Amino acid sequence: MALNREVRQGRYGEMFFQAIVTAAGLTAQKLHEDDYMTDFFVGHPGARGRLVNPMIGVQVKCSRKAKVSNSAVTHGLKSKYYNELAKPASDWSLPTFLVVVLVPKDADDWMDVSDERLALSRAAYWTCLHGQPQRRDLHEDSPVTVSVPRENLLTEDALLQMFAVADRLRGQGQGVPVQ
């Protein structure tokens, strides 16, 4: 019996994210409990910015329904996740980022395998919601539309940029600026 589509899609999104982390030479520790509203602790081995071995948190969401425009990817995030991620960075032990992985609608199009390569389909985008207005007026499962700039394509360099944002936050003792 195969995994149901939602579980399969979620795991694909996490593996897509981990492939980029690995290519960047970073580490990713998967959290198996959803209690932290964080899927991964991502670590930078060695010195980066003001710290040695810094870490960030990442919540990964995978979508085949996100809307894509020239400037942004919009995704419906459950308000329980949105409200946690929108808290000021100073409330978190690690600055935590949202990564939205886009997949084709048809699961048969998610990857292409040959003797020469493994190609994973679509893309991932990142943003930081720390400091955004809370949406306590909504039921915890109600969607909050989050707009992620298309310029925040998740690449090896973008992961390092996330560490730079986190380092600035630690240095300022403030919430994370929204990208």
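Bear in mind that the values here come from a model prediction, so they are computed numbers and not experimental data. All values below come from the heavy atoms of this structure, side chains included, with hydrogens, waters and symmetry mates left out.
- The structure places CZ of F163 at 6.5 Å from NE2 of H44, a figure rounded to the nearest 0.5 Å.
- For the pair D141 and S79, the tightest heavy-atom approach, listed with the atom from each and the gap, is N-OG, 4.2 Å.
- Contact of the W92 side chain with the T38 side chain is registered, since non-hydrogen atoms from C-beta on lie closer than 4.5 Å.
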*Would you please test K61 and Y81 for side-chain contact (heavy atoms from CB on, under 4.5 Å) and show each step?*
CA-CA 10 Å; K61 294 298 179 189; Y81 290 101; 3.5 Å; yes
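- Transitive grouping of hydrophobic side chains (ILVMFWY, heavy atoms separated by less than 4.5 Å) keeps V52 and I56 in distinct clusters.
- Listed here is the closest heavy atom pair of A72 and R150: N-CG, 3.3 Å.
- In this structure, the separation between CE on M162 and CG on D157 is 13.0 Å, given to the nearest 0.5 Å.
- Of the possible polar contacts, one joining the Q59 side chain to the M37 backbone as a donor-acceptor pair under 3.5 Å is found.
- Contact between M55 and G43 at its shortest, heavy atoms only, is CG-CA, 4.1 Å.
- Interatomic distance, CD of E84 versus CG of L98, reported as 13.5 Å (0.5 Å rounding).
- Side-chain atoms of S114 come within 3.5 Å of backbone atoms of R117 as a donor-acceptor pair (strictly under, hydrogens ignored).
- For R11, the CZ atom sits in a loose shell: 12 or fewer heavy atoms of surrounding residues, nucleotides or ligands are nearer than 6.0 Å.
- D39 places a side-chain N or O within donor-acceptor distance of the main-chain N or O of V60, the cut-off being under 3.5 Å.
- Residues H130 and P88 come closest through the heavy atom pair ND1-C, 4.0 Å.
- Between the CG atom of L138 and the NZ atom of K78 there is a distance of 13.5 Å, given to the nearest 0.5 Å.
- The shortest side-chain heavy-atom distance between P45 and L26 falls under the 4.5 Å cut-off.
- Linking ILVMFWY side-chain heavy atoms closer than 4.5 Å, directly or via other members, places M15 and V103 in two distinct hydrophobic clusters.
- Heavy-atom neighbours of K30 NZ from other residues, nucleotides or ligands within 6.0 Å: above the threshold of 12.
- Side-chain contact between V146 and Q132: absent, with no pair of heavy atoms (C-beta onward) separated by less than 4.5 Å.
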*Take L77 and L129 through the side-chain contact (heavy atoms from CB on, under 4.5 Å) test and state the conclusion after the steps.*
CA-CA 11 Å; L77 185 64; L129 299 175; 4.1 Å; yes
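- With a 4.5 Å cut-off on side-chain heavy atoms, R122 and V68 count as touching.
- Residues L154 and V100 fail the side-chain proximity criterion, which asks for heavy atoms closer than 4.5 Å.
- Of all non-hydrogen atoms in C62 and Q9, the two that sit nearest each other are O-NE2, 2.8 Å.
- In this structure a side-chain-to-backbone donor-acceptor pair under 3.5 Å is missing from R48 to D167.
- Ring geometry for F17 versus F40: interplanar angle of 30 to 60°, hence tilted.
- At a threshold of 4.5 Å between non-hydrogen side-chain atoms, the residues Q134 and K87 count as touching.
- Remark: side-chain polar atoms of S147 are not paired, donor with acceptor, to backbone N or O of T74 under 3.5 angstrom.
- When side chains are defined from C-beta on, V99 does not count as touching I20, because their heavy atoms never get closer than 4.5 Å.
- The CG atom of L102 sits 9.0 Å away from the NE2 atom of H75 when rounded to the nearest 0.5 Å.
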*asked:* Using the rule given for side-chain contact (heavy atoms from CB on, under 4.5 Å), can you reason through F97 versus V165, listing the C-alpha separation, both sets of side-chain angles and the distance that settles it, and then say yes or no?
replied: CA-CA 10 Å; F97 298 84; V165 169; 4.1 Å; yes
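- Put simply, the side chain of N152 gets close to the backbone of W126: a donor and an acceptor are under 3.5 Å apart.
- Scanning all heavy atoms of the two residues, the minimum distance from A158 to L153 falls at CB-O, 3.3 Å.
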